[in-house]
Amino acid sequence: MTEALSFDKNGIERAVHLLQGSGLIAFATETVYGLGGDARDDLAVARIFDAKGRPRFNPLIVHVADMASAERYAVFDATARNLAATFWPGPLTLVLALRPDAGLSPLVTADLQSVAIRIPAHPAALALLRAFDGPLAAPSANPSGRISPTRAEHVATGLSGRIAGILDGGPCTVGVESTILGLVGRPELLRAGGIAAEDIEAHLGQKLSAPHPQHITAPGQMASHYAPNAVLRLNVTAARENEVLIGFGAVAGDITLSREGDLIEAAANLFHILRAADSMADQIAIAPIPDHGIGRAINDRLSRAAAPRG
Ligand code: TXA
Ligand code: MG
(Lines give C-alpha, C1' and ligand atoms only; values in the text may rest on other atoms or scores of the structure.)
(Ligands and ions follow the chains in the order given, each with its own letter.)
Protein backbone atom coordinates (compact mmCIF):
# COMPACT_ATOMS: atom_id res chain seq x y z
CA MET A 1 0.00 0.00 0.00
CA THR A 2 1.29 3.42 -0.93
CA GLU A 3 0.18 6.15 1.47
CA ALA A 4 -0.90 9.54 0.10
CA LEU A 5 0.73 12.11 2.41
CA SER A 6 -0.15 15.78 2.44
CA PHE A 7 2.43 18.50 2.92
CA ASP A 8 1.64 19.36 6.55
CA LYS A 9 2.97 18.44 10.00
CA ASN A 10 1.28 15.01 10.06
CA GLY A 11 2.33 14.16 6.51
CA ILE A 12 5.98 15.05 7.18
CA GLU A 13 6.02 13.11 10.48
CA ARG A 14 4.57 10.04 8.82
CA ALA A 15 7.05 10.30 5.94
CA VAL A 16 9.99 10.52 8.38
CA HIS A 17 8.69 7.49 10.27
CA LEU A 18 8.45 5.46 7.06
CA LEU A 19 11.95 6.57 5.94
CA GLN A 20 13.38 5.51 9.31
CA GLY A 21 12.03 2.00 8.66
CA SER A 22 13.93 1.83 5.33
CA GLY A 23 10.77 2.77 3.42
CA LEU A 24 10.69 4.89 0.28
CA ILE A 25 8.94 8.25 0.09
CA ALA A 26 8.35 10.08 -3.18
CA PHE A 27 8.46 13.81 -2.54
CA ALA A 28 8.04 17.02 -4.50
CA THR A 29 11.13 18.96 -5.52
CA GLU A 30 11.11 22.06 -7.72
CA THR A 31 12.42 19.97 -10.66
CA VAL A 32 10.60 16.62 -10.63
CA TYR A 33 9.33 14.31 -7.89
CA GLY A 34 12.16 12.36 -6.27
CA LEU A 35 12.01 8.82 -4.89
CA GLY A 36 13.72 9.23 -1.53
CA GLY A 37 15.37 6.72 0.76
CA ASP A 38 17.97 7.07 3.53
CA ALA A 39 21.28 7.42 1.66
CA ARG A 40 23.16 5.73 4.56
CA ASP A 41 20.90 2.66 4.55
CA ASP A 42 21.78 -0.16 2.13
CA LEU A 43 18.30 -1.68 2.31
CA ALA A 44 16.54 1.60 1.55
CA VAL A 45 18.88 2.35 -1.35
CA ALA A 46 18.53 -1.18 -2.76
CA ARG A 47 14.76 -0.68 -2.65
CA ILE A 48 15.08 2.48 -4.76
CA PHE A 49 16.82 0.55 -7.55
CA ASP A 50 14.29 -2.25 -7.24
CA ALA A 51 11.17 -0.02 -7.27
CA LYS A 52 12.38 1.83 -10.38
CA GLY A 53 13.90 -1.16 -12.18
CA ARG A 54 17.04 0.97 -12.40
CA PRO A 55 20.44 -0.47 -13.41
CA ARG A 56 22.72 -0.67 -10.37
CA PHE A 57 25.68 0.95 -12.10
CA ASN A 58 23.79 4.25 -12.24
CA PRO A 59 24.53 6.36 -9.16
CA LEU A 60 21.94 8.48 -7.31
CA ILE A 61 21.79 12.13 -6.26
CA VAL A 62 22.08 12.81 -2.52
CA HIS A 63 19.70 15.52 -1.26
CA VAL A 64 20.50 17.52 1.86
CA ALA A 65 18.90 20.44 3.68
CA ASP A 66 21.89 22.72 4.13
CA MET A 67 25.55 23.38 3.44
CA ALA A 68 26.77 21.91 6.74
CA SER A 69 25.18 18.57 5.79
CA ALA A 70 26.53 18.76 2.23
CA GLU A 71 30.08 19.14 3.58
CA ARG A 72 29.76 15.90 5.54
CA TYR A 73 29.52 13.89 2.34
CA ALA A 74 31.43 15.80 -0.35
CA VAL A 75 34.70 17.72 -0.56
CA PHE A 76 34.06 21.37 -1.52
CA ASP A 77 36.78 23.52 -3.01
CA ALA A 78 36.41 27.29 -3.55
CA THR A 79 34.65 26.87 -6.92
CA ALA A 80 32.16 24.36 -5.54
CA ARG A 81 31.46 26.51 -2.49
CA ASN A 82 30.93 29.55 -4.63
CA LEU A 83 28.51 27.76 -6.99
CA ALA A 84 26.63 26.33 -4.02
CA ALA A 85 26.32 29.77 -2.44
CA THR A 86 24.96 31.15 -5.72
CA PHE A 87 22.62 28.42 -6.95
CA TRP A 88 21.51 26.49 -3.82
CA PRO A 89 18.83 25.81 -2.82
CA GLY A 90 17.96 25.11 -6.45
CA PRO A 91 18.08 22.87 -9.52
CA LEU A 92 21.86 22.37 -9.65
CA THR A 93 23.59 19.09 -8.76
CA LEU A 94 27.34 19.14 -8.11
CA VAL A 95 29.45 16.03 -8.62
CA LEU A 96 32.31 16.29 -6.14
CA ALA A 97 34.89 14.03 -4.51
CA LEU A 98 33.25 11.74 -1.97
CA ARG A 99 34.54 12.17 1.56
CA PRO A 100 36.17 8.95 2.74
CA ASP A 101 34.24 9.17 6.01
CA ALA A 102 30.90 10.04 4.34
CA GLY A 103 29.14 6.92 5.56
CA LEU A 104 26.84 6.70 2.55
CA SER A 105 25.70 3.35 1.20
CA PRO A 106 28.13 2.37 -1.59
CA LEU A 107 25.06 1.68 -3.74
CA VAL A 108 24.32 5.42 -3.82
CA THR A 109 27.57 6.25 -5.57
CA ALA A 110 27.80 2.96 -7.50
CA ASP A 111 31.17 2.57 -5.77
CA LEU A 112 32.58 5.70 -7.43
CA GLN A 113 34.89 8.05 -5.53
CA SER A 114 32.57 10.94 -6.35
CA VAL A 115 29.11 11.90 -5.15
CA ALA A 116 26.30 13.91 -6.77
CA ILE A 117 24.69 16.27 -4.26
CA ARG A 118 22.15 19.08 -4.17
CA ILE A 119 20.01 21.21 -1.86
CA PRO A 120 16.54 21.35 -3.44
CA ALA A 121 14.46 24.52 -3.23
CA HIS A 122 10.94 23.10 -2.88
CA PRO A 123 9.50 23.77 0.61
CA ALA A 124 8.16 20.19 0.90
CA ALA A 125 11.58 18.73 0.06
CA LEU A 126 13.31 21.04 2.53
CA ALA A 127 10.77 20.35 5.28
CA LEU A 128 11.18 16.60 4.79
CA LEU A 129 14.99 16.81 4.77
CA ARG A 130 15.04 18.94 7.92
CA ALA A 131 12.61 16.69 9.78
CA PHE A 132 14.41 13.51 8.67
CA ASP A 133 17.73 15.11 9.61
CA GLY A 134 19.74 12.97 7.20
CA PRO A 135 20.69 12.60 3.54
CA LEU A 136 18.07 11.31 1.07
CA ALA A 137 19.15 9.50 -2.07
CA ALA A 138 16.53 10.38 -4.66
CA PRO A 139 16.33 9.66 -8.37
CA SER A 140 13.27 10.79 -10.27
CA ALA A 141 10.20 8.90 -9.00
CA ASN A 142 9.32 7.02 -12.18
CA PRO A 143 9.99 3.54 -13.57
CA SER A 144 13.45 3.68 -15.14
CA GLY A 145 13.45 4.92 -18.73
CA ARG A 146 9.95 6.40 -18.67
CA ILE A 147 8.63 9.97 -18.47
CA SER A 148 9.67 11.78 -15.27
CA PRO A 149 6.92 12.76 -12.78
CA THR A 150 6.04 16.39 -12.13
CA ARG A 151 2.84 15.77 -10.12
CA ALA A 152 1.95 13.40 -7.29
CA GLU A 153 -0.51 11.56 -9.57
CA HIS A 154 2.28 10.85 -12.09
CA VAL A 155 4.20 9.10 -9.30
CA ALA A 156 1.14 7.09 -8.28
CA THR A 157 0.59 5.98 -11.90
CA GLY A 158 4.13 4.61 -12.17
CA LEU A 159 5.00 3.37 -8.70
CA SER A 160 1.82 2.80 -6.67
CA GLY A 161 2.12 -0.35 -4.56
CA ARG A 162 5.93 -0.33 -4.88
CA ILE A 163 6.75 2.49 -2.43
CA ALA A 164 5.70 3.46 1.10
CA GLY A 165 4.31 6.93 0.46
CA ILE A 166 3.96 9.99 -1.76
CA LEU A 167 4.36 13.44 -0.21
CA ASP A 168 2.22 15.72 -2.36
CA GLY A 169 3.73 19.16 -2.85
CA GLY A 170 1.70 20.10 -5.93
CA PRO A 171 2.98 20.46 -9.50
CA CYS A 172 6.74 21.02 -9.88
CA THR A 173 7.57 24.56 -10.96
CA VAL A 174 10.80 23.91 -12.91
CA GLY A 175 9.64 20.70 -14.57
CA VAL A 176 12.96 19.29 -15.83
CA GLU A 177 15.67 17.66 -13.71
CA SER A 178 18.57 19.54 -12.17
CA THR A 179 21.59 20.58 -14.18
CA ILE A 180 24.47 18.24 -13.28
CA LEU A 181 27.89 19.83 -13.12
CA GLY A 182 30.97 17.65 -12.71
CA LEU A 183 33.63 19.39 -10.62
CA VAL A 184 36.11 16.54 -10.26
CA GLY A 185 38.66 18.08 -12.61
CA ARG A 186 37.58 20.70 -15.18
CA PRO A 187 33.95 21.82 -14.83
CA GLU A 188 31.88 19.56 -17.09
CA LEU A 189 28.21 19.81 -17.99
CA LEU A 190 27.05 16.22 -17.29
CA ARG A 191 23.35 16.94 -17.86
CA ALA A 192 21.51 20.05 -19.07
CA GLY A 193 18.75 20.95 -16.64
CA GLY A 194 16.88 23.54 -14.62
CA ILE A 195 19.77 26.02 -14.34
CA ALA A 196 20.88 27.30 -17.73
CA ALA A 197 24.44 26.28 -18.61
CA GLU A 198 24.97 29.88 -19.79
CA ASP A 199 24.28 31.14 -16.25
CA ILE A 200 26.87 28.79 -14.78
CA GLU A 201 29.39 29.75 -17.46
CA ALA A 202 28.78 33.44 -16.80
CA HIS A 203 29.31 32.86 -13.11
CA LEU A 204 32.51 30.82 -13.57
CA GLY A 205 33.83 33.06 -16.35
CA GLN A 206 34.64 29.96 -18.39
CA LYS A 207 32.99 27.59 -20.87
CA LEU A 208 31.83 24.23 -19.58
CA SER A 209 33.29 21.25 -21.35
CA ALA A 210 31.10 18.47 -22.71
CA PRO A 211 31.27 15.28 -20.68
CA HIS A 212 34.11 12.88 -21.34
CA PRO A 213 32.61 9.88 -23.21
CA GLN A 214 33.81 7.55 -20.43
CA HIS A 215 31.44 9.28 -18.05
CA ILE A 216 28.33 8.26 -19.96
CA THR A 217 27.19 5.53 -17.64
CA ALA A 218 23.83 6.88 -16.55
CA PRO A 219 20.30 6.20 -17.81
CA GLY A 220 19.72 9.96 -17.93
CA GLN A 221 22.64 10.05 -20.36
CA MET A 222 21.51 7.01 -22.34
CA ALA A 223 20.15 7.45 -25.85
CA SER A 224 16.63 6.19 -25.04
CA HIS A 225 15.12 7.65 -21.88
CA TYR A 226 12.05 9.63 -20.81
CA ALA A 227 10.15 7.46 -23.31
CA PRO A 228 6.41 7.78 -23.93
CA ASN A 229 4.52 4.79 -25.38
CA ALA A 230 3.88 6.73 -28.56
CA VAL A 231 6.41 7.34 -31.33
CA LEU A 232 7.77 10.89 -31.09
CA ARG A 233 8.80 13.12 -34.04
CA LEU A 234 10.76 16.31 -33.33
CA ASN A 235 10.99 19.80 -34.96
CA VAL A 236 7.58 19.54 -36.60
CA THR A 237 5.54 22.54 -37.76
CA ALA A 238 2.68 20.62 -39.42
CA ALA A 239 1.32 17.33 -38.10
CA ARG A 240 0.70 14.27 -40.23
CA GLU A 241 -2.59 12.44 -40.08
CA ASN A 242 -2.94 10.47 -36.81
CA GLU A 243 -0.34 12.59 -35.04
CA VAL A 244 -1.12 14.76 -32.05
CA LEU A 245 0.95 17.94 -32.33
CA ILE A 246 2.49 19.56 -29.25
CA GLY A 247 2.93 23.23 -30.04
CA PHE A 248 5.27 25.97 -28.85
CA GLY A 249 4.93 29.69 -29.60
CA ALA A 250 3.77 30.32 -33.19
CA VAL A 251 3.20 26.58 -33.78
CA ALA A 252 -0.20 26.30 -32.09
CA GLY A 253 -0.54 22.50 -32.07
CA ASP A 254 -3.38 20.47 -30.54
CA ILE A 255 -1.92 21.24 -27.12
CA THR A 256 0.94 23.60 -26.40
CA LEU A 257 3.97 23.77 -24.13
CA SER A 258 3.67 27.55 -24.11
CA ARG A 259 1.49 29.68 -26.35
CA GLU A 260 3.72 32.70 -25.67
CA GLY A 261 6.87 30.77 -26.54
CA ASP A 262 8.15 31.00 -22.97
CA LEU A 263 10.84 28.38 -22.30
CA ILE A 264 10.39 28.44 -18.52
CA GLU A 265 6.66 27.72 -18.90
CA ALA A 266 7.43 25.05 -21.51
CA ALA A 267 9.83 23.24 -19.17
CA ALA A 268 7.27 23.28 -16.36
CA ASN A 269 4.65 21.77 -18.70
CA LEU A 270 6.90 19.34 -20.58
CA PHE A 271 6.44 15.99 -18.83
CA HIS A 272 2.76 16.57 -18.05
CA ILE A 273 1.99 17.41 -21.68
CA LEU A 274 4.03 14.46 -22.95
CA ARG A 275 1.92 12.20 -20.73
CA ALA A 276 -1.30 13.81 -21.93
CA ALA A 277 -0.28 13.49 -25.60
CA ASP A 278 0.72 9.86 -24.97
CA SER A 279 -2.83 9.12 -23.85
CA MET A 280 -4.30 10.84 -26.94
CA ALA A 281 -2.45 9.15 -29.82
CA ASP A 282 0.14 6.56 -30.88
CA GLN A 283 2.15 9.21 -32.69
CA ILE A 284 3.28 12.50 -31.20
CA ALA A 285 4.85 15.38 -33.12
CA ILE A 286 6.44 18.33 -31.39
CA ALA A 287 7.27 21.85 -32.51
CA PRO A 288 10.88 23.15 -32.62
CA ILE A 289 12.15 24.42 -29.25
CA PRO A 290 14.91 27.09 -29.19
CA ASP A 291 18.16 25.50 -27.98
CA HIS A 292 19.27 28.02 -25.39
CA GLY A 293 18.74 28.47 -21.64
CA ILE A 294 16.42 25.82 -20.24
CA GLY A 295 15.51 25.01 -23.86
CA ARG A 296 18.69 22.91 -23.96
CA ALA A 297 17.33 20.72 -21.18
CA ILE A 298 13.98 20.43 -22.98
CA ASN A 299 15.67 19.40 -26.25
CA ASP A 300 17.93 16.96 -24.39
CA ARG A 301 14.87 15.22 -22.87
CA LEU A 302 12.98 15.27 -26.18
CA SER A 303 15.82 13.76 -28.20
CA ARG A 304 16.11 10.90 -25.68
CA ALA A 305 12.33 10.44 -25.63
CA ALA A 306 12.39 10.19 -29.45
CA ALA A 307 15.42 7.86 -29.64
CA PRO A 308 15.03 4.27 -30.85
CA ARG A 309 14.19 2.09 -27.83
CA GLY A 310 17.00 -0.18 -26.68
O1 TXA B 1 16.27 17.18 -10.47
C2 TXA B 1 16.86 16.13 -10.20
O3 TXA B 1 18.09 16.01 -10.30
C4 TXA B 1 16.00 14.95 -9.71
C5 TXA B 1 15.38 15.36 -8.38
C6 TXA B 1 14.61 14.25 -7.74
O7 TXA B 1 16.36 15.88 -7.52
N8 TXA B 1 16.77 13.76 -9.60
C9 TXA B 1 17.24 13.08 -10.68
O10 TXA B 1 17.89 11.91 -10.39
O11 TXA B 1 17.09 13.45 -11.82
P12 TXA B 1 18.23 10.77 -11.46
O13 TXA B 1 18.68 9.61 -10.67
O14 TXA B 1 17.08 10.55 -12.36
O15 TXA B 1 19.47 11.34 -12.18
C16 TXA B 1 20.70 11.36 -11.49
C17 TXA B 1 21.83 11.54 -12.45
C18 TXA B 1 22.10 10.28 -13.21
O19 TXA B 1 22.17 10.56 -14.59
C20 TXA B 1 23.46 9.85 -12.67
O21 TXA B 1 24.24 9.19 -13.57
C22 TXA B 1 24.09 11.15 -12.24
O23 TXA B 1 23.00 11.86 -11.71
N24 TXA B 1 25.07 10.93 -11.19
C25 TXA B 1 24.87 10.58 -9.92
N26 TXA B 1 26.04 10.41 -9.25
C27 TXA B 1 27.01 10.68 -10.14
C28 TXA B 1 28.43 10.68 -10.08
N29 TXA B 1 29.10 10.38 -8.96
N30 TXA B 1 29.12 11.00 -11.20
C31 TXA B 1 28.45 11.32 -12.34
N32 TXA B 1 27.10 11.32 -12.48
C33 TXA B 1 26.40 11.01 -11.39
MG1 MG C 1 15.46 10.16 -14.01
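Numbering of ligands and ligand atoms starts at 1, following listing order. The figures that follow rest on heavy atoms only: side chains count, while hydrogens, waters and symmetry mates do not.
Below 4.0 Å from some heavy atom of I180 lie the following atoms of ligand 1, by number and element: 17 (C), 22 (C), 23 (O). Each of the following atoms of ligand 1 lies closer than 4.0 Å to a heavy atom of S114: 28 (C), 29 (N), 30 (N). Using a 4.0 Å cut-off to heavy atoms of T31, the atoms of ligand 1 that qualify are 1 (O), 2 (C), 4 (C), 5 (C). Listed by number with element, the atoms of ligand 1 under 4.0 Å from a non-hydrogen atom of I61 are 3 (O), 8 (N), 9 (C), 10 (O), 16 (C), 23 (O). If you number the atoms of ligand 1 from 1 as listed, the ones under 4.0 Å from a heavy atom of R118 come out as 1 (O), 5 (C), 7 (O). Ligand-side atoms of ligand 1 in range of H63: 5 (C), 6 (C), 7 (O), range being under 4.0 angstrom from any heavy atom.
The distance from atom CG of L128 to atom NE2 of H63, rounded to the nearest 0.5 Å, is 11.0 Å. Between the CZ atom of R191 and the CD1 atom of I61 there is a distance of 5.0 Å, given to the nearest 0.5 Å. With values rounded to the nearest 0.5 angstrom, I147 atom CD1 is found 5.0 Å from L274 atom CG.
Residue Y33 has no nitrogen or oxygen atom sitting less than 3.5 Å from a nitrogen or oxygen atom of ligand 1, judged on distance alone. The distance criterion of under 3.5 Å between nitrogen or oxygen atoms is not met by T29 with respect to ligand 1. For ligand 1, the polar-atom distance check finds an N/O of S178 within less than 3.5 Å of one of the ligand's N/O atoms.
At a heavy-atom distance under 4.0 Å, only side-chain atoms of R54, from C-beta outward, approach ligand 1. No part of L35 comes within 4.0 Å of ligand 1, judged by heavy-atom distances. At a heavy-atom distance under 4.0 Å, only side-chain atoms of N58, from C-beta outward, approach ligand 1.
Heavy-atom proximity to atom 26 (N) of ligand 1, evaluated over G34, A116, A138, is greatest for A116. Among G194, A26, C172, S140, the residue whose heavy atom lies nearest to atom 14 (O) of ligand 1 is S140.
Coordination check, N142 versus the Mg ion (ligand 2): failed, since every N/O/S atom of the residue sits at 2.8 Å or beyond.
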Q: Go through L136 and F27 one step at a time and tell me if the side chain to side chain contact (heavy atoms under 4.5 Å, CB included) criterion holds.
A: CA-CA 11 Å; L136 290 178; F27 61 97; 4.2 Å; yes

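In this structure, T109 has no heavy atom closer than 4.0 Å to ligand 1.
Side-chain atoms of N82 and T79 include no donor-acceptor pair closer than 3.5 Å. A donor and an acceptor atom, one from each side chain of R146 and T157, are nowhere located under 3.5 Å apart.
You'll find the side chain of V75 stays beyond 4.5 Å of the side chain of L96, heavy atoms only.
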Solution key, residues 162-170 side-chain donor-acceptor pairs under 3.5 Å, sequence neighbours excluded:
{"from": "R162", "atom 1": "NE", "to": "A51", "atom 2": "O", "distance (Å)": "3.0"}
{"from": "R162", "atom 1": "NH2", "to": "D50", "atom 2": "O", "distance (Å)": "3.1"}
{"from": "D168", "atom 1": "OD1", "to": "Y33", "atom 2": "OH", "distance (Å)": "3.4"}
{"from": "D168", "atom 1": "OD1", "to": "G170", "atom 2": "N", "distance (Å)": "2.8"}

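Here the side chain of T29 pairs a donor or acceptor atom with the backbone of T31 at under 3.5 angstrom.
With hydrophobic clusters built from ILVMFWY side chains whose heavy atoms lie under 4.5 angstrom apart, F132 does not share a cluster with L43.
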